[in-house]
Amino acid sequence: MTALLRIEDLSVDFHTDGGVVHAVENVDLSVEPGEIRGLVGESGSGKSVTSLSVLGLLGSGRARISSGRILFRGENLLEKDQRGMRKIRGGHIGLVSQNALSALDPSFTIGAQLVEVIRLHQNVDAKTARRAALDALELVALPDAVRRMKAYPHELSGGQRQRVVIAIALACRPELLLADEPTTALDATVQKQILDLLLDINRELGTAILIVTHDFGVVAHVCSEVTVMRHGRIVETGTRADILERPQHPYTQGLMNAVPKLRLSAAERAIPRSSRRLFEFSHDSISEGGKSNVSA
Ligand code: ADP
Ligand code: MG
């Protein structure tokens with residue numbers, strides 16, 4: 001099978017006043033069509049820099065991609081110009097970030113923001129765009145979608161805002177969704193609802209999802225494939241069962257030992273996934289004490 005996204009030998013440095021930070025080193029990572037892959041590791045391990053590289057959103061003049069290719073449907077995104085990348089972003093790859101409030105514009109209604117994204121990517125009239133906007137809100141199960149179209153971001157709860165961000169990311173039916181800590185800012189019960197929504201979207205639309213997270217609870221709940229990152233490098237990659245039940249690398253073993261509840265007994269595995277209390281998220285976070293990898 002051809003990978004939808006194939007990151008090959010990606011290295012990203014930041015040139016700072018304190019020296020060069022090797023944020024990402026020789027990373028290989030693939031996402032196949034329709035799969036949900038978790039990119040997991042402690043804070044500062046290079047997960048966000050990897051996913052932002054895919055969208056050409058590293059920003060500031062400080063970031064340098066020093067090696068690698070990022071192939072999306074066989075095309076190297078690193079060779080695309082601004083215009084080409086604008087088409088990819090939102091049109092073919094959607095982004096869901098951690099902070100829904102900063103992803104939304106406080107001065108425009110939800111409906112206006114959805115319509116804008118749809119008209120940016122699709123050559124449709126205002127009425128068709130409005131219909132598509134409403135469809136997107138219904139897709140993410142936002143209650144009372146017609147009325148919500150007229151609401152401003154501050155009028156919604158945190159979970160509702162994250163649903164709107166997901167609706168915007170999905171409005172043009174991208175093949176791939178990049179979700180960077182999509183539930184970290186939310187309460188445990190709302191986290192589970194949003195993760196279940198991502199599972200539903202993956203099943204119903206076949207959208208492939210790369211979930212960036214520091215939380216093995218999130219991995220256990222939604223991911224079929226898992227890649228573990230540490231200090232800018234990939235340490236281990238495998239299926240969800242490989243990583244959660246048979247971790248090979250000492251680093252992953254250490255992380256899993258720190259999350260004993262995830263080690264399932266045969267009896268626990270017999271329980272349907274949706275009803276296992278093991279996957280309550282609030283206790284399952286791995287260490288946030290990431291070490292940065294600076295070389296002066
Ligand atoms: P994660 O998402 O895994 O928590 P990041 O990908 O955000 O980690 O960061 C990886 C490394 O890159 C960290 O050491 C971080 O300090 C560094 N880094 C990220 N952004 C910048 C920046 N704009 N300038 C300098 N260093 C950065
Ligand atoms: Mg991050």
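Values below: every heavy atom of this structure, side chains too, minus hydrogens, waters and symmetry copies. Numbering of ligands and ligand atoms starts at 1, following listing order.
Checking only distances, G46 does come within under 3.5 Å of ligand 1, N or O to N or O. Distances between N or O atoms of G44 and those of ligand 1 include at least one value under 3.5 Å. No N or O atom of T50 sits closer than 3.5 Å to an N or O atom of ligand 1. Taking any N or O of R62, backbone or side chain, none lies under 3.5 Å from an N or O belonging to ligand 1.
Not one N/O/S atom of Q98, from backbone or side chain, sits under 2.8 Å from the Mg ion (ligand 2).
Taking the six-membered ring where the residue is Trp, H249 and Y251 present perpendicular rings, their angle passing 60° and hence far from 30°.
Taking every non-hydrogen atom of V49 and a distance limit under 4.0 Å, the qualifying atoms of ligand 1 come out as 5 (P), 6 (O), 9 (O), 19 (C). Short contacts between ligand 1 and S45, defined as distances under 4.0 Å to a heavy atom of the residue, involve ligand atoms 1 (P), 3 (O), 8 (O).
Residues N99 and S97 have side chains that never bring a donor and an acceptor to within less than 3.5 angstrom of each other. With 3.5 Å as the limit, one finds no donor-acceptor pair spanning the side chains of R62 and T16. In this structure, a donor-acceptor pair under 3.5 Å is present between the side chains of R37 and T237.
The proximity of T16 to ligand 1, defined as any non-hydrogen pair under 4.0 Å, is limited to the side chain.
Ion pairing between a basic and an acidic side chain is recognised when a charged N comes within 4.0 Å of a carboxylate O; E225 and R240 show no such pairing.
For E35, the CD atom is densely surrounded, since the number of other residues' heavy atoms within 6.0 Å is greater than 12.
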Show the numbers, then the answer: is there a side chain to side chain donor-acceptor pair (under 3.5 Å) between H214 and E42? CA-CA 5 Å; H214 66 278; E42 62 201 5; over 6 Å; no

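In this structure, S43 has a heavy atom closer than 4.0 Å to ligand 1.
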